[in-house]
Chemist: 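Below are the structure tokens for one structure; questions will follow.
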Amino acid sequence: MPDPTSPAPVLARIASDASCLLQALRALPAERDASTLTVHITDAQDLADAALRLFSTRSPQASRPSPTDLLLLHRVAQIAKAAQDAAAELTAALARAAENQRRQAAATSRRVVLIGPTPQQFIESAADLLDRIPALCDARDRPESPCH
């Protein structure tokens, strides 16, 4: 019978969700709309939230945690940080895209100065961060990918 307090199912779900989000980011068209980015920002924030909930349920379990427990907590904290950082990068992509659109609309000449990094560079940075999460989860019993 599986241990009901085991973090493995939660880590497996986080790894699967991170992989799905990563696939979605890599499939984004060059001309993406704000609502698509907003959904992906929320997805990354949900990953961070799941990792933080796992951290909060695991951290008070023992007054003197074992080295294994401490290693797990460290990995879960890294997962939460990677997901939060990915959400921040996607938010920066959204803000940069809006700023560049504003500059294009306000341009009085043909020459428009767009600021960088580009939204795509922020999205690639978010993808790099999300790419780390499955390895941090180290979930060998991941469910089949439910990516849409």
Chemist: Sort and list the pairs that fulfil side chain to side chain donor-acceptor pair (under 3.5 Å) and have at least one residue in residues 76-98, not counting sequence neighbours.
Modeler: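 Sorted pair list: His74-Gln78, Lys81-Asp85, Glu89-Ser125.
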
Chemist: Sequence neighbours excluded, which residues qualify as side chain to side chain contact (heavy atoms under 4.5 Å, CB included) partners of Ala24?
Modeler: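 Expected list: His40.
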
Chemist: Say you draw a straight line from CG of Leu47 to CZ of Arg13; how long is it, rounded to the nearest 0.5 Å?
Modeler: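 Answer rounded to 0.5 Å: 10.5 Å.
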
Chemist: Name the residue from Asp128, Asp131, Asp17 that meets the side-chain contact (heavy atoms from CB on, under 4.5 Å) definition with Leu22.
Modeler: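 With Leu22 as partner, Asp128, Asp131, Asp17 yield a single side-chain contact (heavy atoms from CB on, under 4.5 Å), made by Asp131.
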
Chemist: Taking only residues two or more places apart in sequence, or in another chain, which ones meet Ala92 in a side chain to side chain contact (heavy atoms under 4.5 Å, CB included)?
Modeler: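 For Ala92 the side chain to side chain contact (heavy atoms under 4.5 Å, CB included) partners, ignoring immediate neighbours, are Phe122.
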
Chemist: Roughly how far, to the nearest 0.5 Å, is the CD1 atom of Ile133 from the CG atom of Leu21?
Modeler: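 Leu21 CG to Ile133 CD1: 8.0 Å, rounded to 0.5 Å.
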
Chemist: Using the test salt bridge (Lys or Arg N to Asp or Glu O under 4.0 Å), find all partners of Asp49 that sit at least two apart in sequence or belong to another chain.
Modeler: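 Salt bridge (Lys or Arg N to Asp or Glu O under 4.0 Å) list for Asp49, sorted by chain: Arg53.
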
Chemist: Using 0.5 Å steps for rounding, measure from the CD1 atom of Ile14 to the OG atom of Ser19.
Modeler: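 OG of Ser19 is found 12.0 Å from CD1 of Ile14.
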
Chemist: Output the distance between atom SG (Cys20) and atom CG (Leu130), rounded to the nearest 0.5 Å.
Modeler: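 If we round to the nearest 0.5 Å, Cys20:SG and Leu130:CG are 11.5 Å apart.
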
Chemist: What closest approach, in Å, do Ala48 and Ala80 show between heavy atoms, and which atom pair accounts for it?
Modeler: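 That closest heavy-atom pairing would be CB-O, 3.7 Å.
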
Chemist: Between CD1 of Ile41 and CG of Asp46, what distance do you get to the nearest 0.5 Å?
Modeler: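 Interatomic distance, Ile41 CD1 to Asp46 CG, rounded to 0.5 Å: 12.0 Å.
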
Chemist: If you take all heavy atoms of Cys137 and Arg75, which pair is closest and at what distance?
Modeler: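 That closest heavy-atom pairing would be O-NH2, 3.0 Å.
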
Chemist: Which pair of non-hydrogen atoms, one from Pro9 and one from Ser6, has the smallest distance, and what is that distance?
Modeler: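 Heavy atoms of Pro9 and Ser6 come nearest at CD-O, 3.3 Å.
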
Chemist: Could you go through Val76 and Arg58, starting from their C-alpha distance and side-chain angles, then the distance that decides it, and tell me whether this counts as side chain to side chain contact (heavy atoms under 4.5 Å, CB included)?
Modeler: CA-CA 10 Å; Val76 171; Arg58 299 295 297 184; over 6 Å; no

Chemist: Same cluster or not: Ile79 versus Phe55, using hydrophobic residues (I, L, V, M, F, W, Y) connected whenever any side-chain heavy atoms lie under 4.5 Å apart?
Modeler: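 Same hydrophobic cluster.
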
Chemist: Looking at every heavy atom in both Ala126 and Leu25, which two are closest together, and how far apart are they?
Modeler: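 Heavy atoms of Ala126 and Leu25 come nearest at CB-CD1, 4.3 Å.
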
Chemist: What pairs with Glu99 under side chain to side chain contact (heavy atoms under 4.5 Å, CB included), at least two apart in sequence or on another chain?
Modeler: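 Partners of Glu99 under the side chain to side chain contact (heavy atoms under 4.5 Å, CB included) test: Arg102, Arg103, Ile115.
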
Chemist: Looking only at non-hydrogen atoms, find the nearest pair between Ala44 and Ala83 and report the distance.
Modeler: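 Here Ala44 and Ala83 meet closest at O-CB, 3.6 Å.
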
Chemist: Given side chains that start at C-beta, do those of Asp43 and Leu90 come closer than 4.5 Å, heavy atoms only?
Modeler: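 No, every pair of side-chain atoms sits at 4.5 Å or beyond.
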
Chemist: Could you tell me which residues satisfy side chain to side chain contact (heavy atoms under 4.5 Å, CB included) with Glu124, sequence neighbours excluded, listed by chain and number?
Modeler: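 Only Gln120 meet the side chain to side chain contact (heavy atoms under 4.5 Å, CB included) criterion with Glu124.
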
Chemist: Which atoms form the tightest heavy-atom contact between Ala86 and Leu129, and what is the distance?
Modeler: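 Taking Ala86 first and Leu129 second, the nearest heavy atoms are N-CD1, 3.6 Å.
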
Chemist: Is the shortest side-chain heavy-atom distance between Pro119 and Asn100 below 4.5 Å?
Modeler: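 Contact flag for Pro119/Asn100 side chains = yes.
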
Chemist: Looking only at atom types and distance, does a side-chain atom of Ser16 sit under 3.5 Å from a main-chain N or O of Ala12, one as donor and one as acceptor?
Modeler: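 Flag not set: sc Ser16 to bb Ala12 has no pair under 3.5 Å.
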
Chemist: Going hydrophobic residue to hydrophobic residue with side-chain gaps under 4.5 angstrom, can you get from Leu52 over to Leu136?
Modeler: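 No; Leu136 is not reachable from Leu52 via cluster members.
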
Chemist: Is Ile123 close to Leu37 at the side-chain level, that is, under 4.5 Å between some pair of heavy atoms?
Modeler: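 In contact.
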
